[in-house]
Number of protein chains: 2
Amino acid sequence: MKTYLGIDLGGTNVRVAKIAEDGTIIATVKGPSYGQEGPEKVMGNLKDLVREIPGWKDCVGIGVGVPGPVDTKAGTMVLSTNLPGFAGYPFADDLKREFGMPAFLDNDANVAALAEALVGAGKGLPSTFYTTISTGIGGCLVVDGKTVSGKHGFGGEVANIIIDRNREVVNYLNVGAIENEASGTGLKRKYEEKSGKHIEHTGVVFDLAEEGDPIARECVDEFCKDLGQYFATVCCVCDPDIFVIGGGMTKSADKWLPGVVKQYKMMSHTAVHDTPFVLAALEEPGIVGAAMLPKSHGL
Amino acid sequence: MKTYLGIDLGGTNVRVAKIAEDGTIIATVKGPSYGQEGPEKVMGNLKDLVREIPGWKDCVGIGVGVPGPVDTKAGTMVLSTNLPGFAGYPFADDLKREFGMPAFLDNDANVAALAEALVGAGKGLPSTFYTTISTGIGGCLVVDGKTVSGKHGFGGEVANIIIDRNREVVNYLNVGAIENEASGTGLKRKYEEKSGKHIEHTGVVFDLAEEGDPIARECVDEFCKDLGQYFATVCCVCDPDIFVIGGGMTKSADKWLPGVVKQYKMMSHTAVHDTPFVLAALEEPGIVGAAMLPKSHGL
């Protein structure tokens, strides 16, 4: 079976793995990424880690997942908030030269989507739309085994989709952007604002709603309506074969996913009501998805 | 050069053409579609028209554009409001058996998108998002020369995208659906409601706005903001290499497109501000796009 090298690079940590084409993790190493110290240090460290993987030379290609939008054709990061100095750095070319095999770069949400599409919940389906809901909201469409990253790598950068223009200004995102309204952070913030109370974490809002707290109920209802509208919007654009949902908020999915699907149906044509909403199947979509990048390019 | 048969079937008329792979129309015949008389009559008539095309046997495949969503894998219409009896009818299979060549079916907005992507304004680009704005609003994403029609053929059925939930109920579409708010019909309706006046056609709203009519100005501003938000939303989902705009409203594009692009930029990351907004290049995208369906399937 073919094997690939997957690299999951963050601002703090980096993981490198040798992964089979069915998604099985064969070997893995990890360490600090030295993300604040610039490309030379980060790349040197990363190359050392690759050489620690037994049989890395047998792999047919390298894939890397990084935070933020990526120019997938150039193999470069477009923005690099968490990895200073990497915007425009010839990331894929550097690895290709170093290891003598094809190398590909994509956004970390996109590679997670690719993993779920190829060897996870969307396996075997023509298209998958992956959404991660945690402190933020990201996503990616995968069609015929390829991520739709788009002209600027902003395909699936769904955080800024306006769900309701008549909301409060929160930050640099659009007023009413889905990430501010229906991420875990957003739900917590809105409950705290409306109630005047401080809560430890987002899960408390669901607990309070179940106990009958009217403000918590209102917040959860709006959260479900906002996400339902988000999924209905995505369906109008690309009508995926499956919606796969990942991220920290999936831990409490039983508290909100049925409400989201109900709202999705209220805002969608009956013909699309049977689209499955499924939780992400993989434990480590980031590293597996990175390794799937060469596969998605035909290797 | 390879040639294809393209069929543009509507509720009233049908056109059949022999078209070269570069989009050149070689021969064309047209006639009434007998759309209200059921599949037997419609298909019999359509087959007769195909046989009137000189050298139809030299074509390598057939493509058909029809109104409404299509199950592209099955080659059937999902809904057939304008062609009673056709929902579920084995359209592509019937033509394939009759003429002994591969046959494909897709929505008429999707085939127009395909034409623009392959031989029109998006030629040579990896992805195109086509939007038609006239009495209604439709669209389609084309990636790597294929329409993203999705699980139920609803990919690009953008009419129902909610642009602002706090609007009036208009019809069966979602409250605040883009088609009701920013189609030609929508703009005319909203001006008439707000002003209490009757106008002959949508273009009058733009004329009145230029003359300083405050209600017309308000309507045009909202129209631009609504469409700007629509394009910003689509960009978040798929970040296309180009936005191509067709449909009747393009005749007055100079009156509104600059305003739409300005709003798009206000609601989008600076990285995506250079995405071109271009008017459809083809005179007959419907029939050309139908003929491009076999090409998009590798023929």
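Quick note on labels: first sequence line is chain A, next is B, and so on, each numbered from 1. Just so you know, these numbers use all the heavy atoms, side chains as well, and skip hydrogens, waters and symmetry mates.
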With sequence neighbours left out, which residue pairs that include part of residues 66-85 of chain A fulfil the ring pair (Phe, Tyr, Trp, His ring centres under 6.0 Å) condition?
none

If the condition is side-chain contact (heavy atoms from CB on, under 4.5 Å), which residues does A/Val119 pass it with, not counting sequence neighbours?
A/Leu282, A/Val288, A/Met292

Taking every non-hydrogen pair under 4.5 Å, which of A/Val234, A/Val158, A/Leu141, A/Val272 racks up the most with chain B?
A/Val272

A/Ala232, part contacting chain B, at a heavy-atom distance under 4.5 Å:
neither

Check every N and O of chain A against chain B and note each donor-acceptor pair under 3.5 Å, with its distance.
unit_1   : atom_1 : unit_2   : atom_2 : d
A/Lys151 : N      : B/Asp239 : O      : 2.8
A/Lys151 : N      : B/Asp239 : OD2    : 3.4
A/His152 : N      : B/Asp239 : OD2    : 2.6
A/His152 : ND1    : B/Asp239 : OD1    : 2.9
A/His152 : ND1    : B/Asp239 : OD2    : 3.4
A/His152 : NE2    : B/Ala271 : O      : 3.3
A/His152 : NE2    : B/Asp274 : OD1    : 2.4
A/Gly153 : N      : B/Asp239 : OD2    : 3.2
A/Phe154 : N      : B/Asp239 : OD2    : 2.9
A/Gly156 : N      : B/Cys236 : O      : 2.8
A/Gly156 : N      : B/Val237 : O      : 3.0
A/Glu157 : N      : B/Cys236 : O      : 3.2
A/Asp164 : OD1    : B/Asn166 : ND2    : 3.2
A/Arg165 : NE     : B/Gln229 : OE1    : 2.8
A/Arg165 : NH1    : B/Asp226 : OD1    : 3.4
A/Arg165 : NH2    : B/Asp226 : OD1    : 2.4
A/Arg165 : NH2    : B/Gln229 : OE1    : 3.3
A/Asn166 : ND2    : B/Asp164 : OD1    : 3.2
A/Asn174 : ND2    : B/Met267 : O      : 2.9
A/Asp226 : OD1    : B/Arg165 : NH1    : 3.4
A/Asp226 : OD1    : B/Arg165 : NH2    : 2.4
A/Gln229 : OE1    : B/Arg165 : NE     : 2.8
A/Gln229 : OE1    : B/Arg165 : NH2    : 3.2
A/Cys236 : O      : B/Gly156 : N      : 2.8
A/Cys236 : O      : B/Glu157 : N      : 3.2
A/Val237 : O      : B/Gly156 : N      : 3.0
A/Asp239 : O      : B/Lys151 : N      : 2.8
A/Asp239 : OD1    : B/His152 : ND1    : 2.9
A/Asp239 : OD2    : B/Lys151 : N      : 3.4
A/Asp239 : OD2    : B/His152 : N      : 2.6
A/Asp239 : OD2    : B/His152 : ND1    : 3.4
A/Asp239 : OD2    : B/Gly153 : N      : 3.2
A/Asp239 : OD2    : B/Phe154 : N      : 3.0
A/Met267 : O      : B/Asn174 : ND2    : 2.9
A/Ala271 : O      : B/His152 : NE2    : 3.3
A/Asp274 : OD1    : B/His152 : NE2    : 2.5

For residues B/Cys236 and A/Ile161, report the shortest heavy-atom separation together with the two atoms involved.
CB-CG1, 3.5 Å

Contacts satisfying salt bridge (Lys or Arg N to Asp or Glu O under 4.0 Å) that involve residues 134-143 of chain B (not counting sequence neighbours) are none

Cut-off 4.5 Å, heavy atoms of chain A, and the answer for B/Leu79 is side chain

To the nearest 0.5 angstrom, please state how far the CD1 atom of B/Ile162 sits from the CD1 atom of A/Ile162.
13.5 Å

Where on B/Cys140 is there a heavy atom nearer than 4.5 Å to chain A: the side chain, the backbone, both, or neither?
neither

If you tally heavy-atom pairs under 4.5 Å between each of A/Gly176, A/Ala177, A/Gly139, A/Gly150 and chain B, the highest tally belongs to A/Gly150

Engaged part of A/Ile242 at the chain B interface, taking heavy atoms whose separation is under 4.5 Å
neither

Show the nearest heavy-atom pair for residues A/Val148 and B/Cys238, with the distance to one decimal.
CG1-O, 3.9 Å

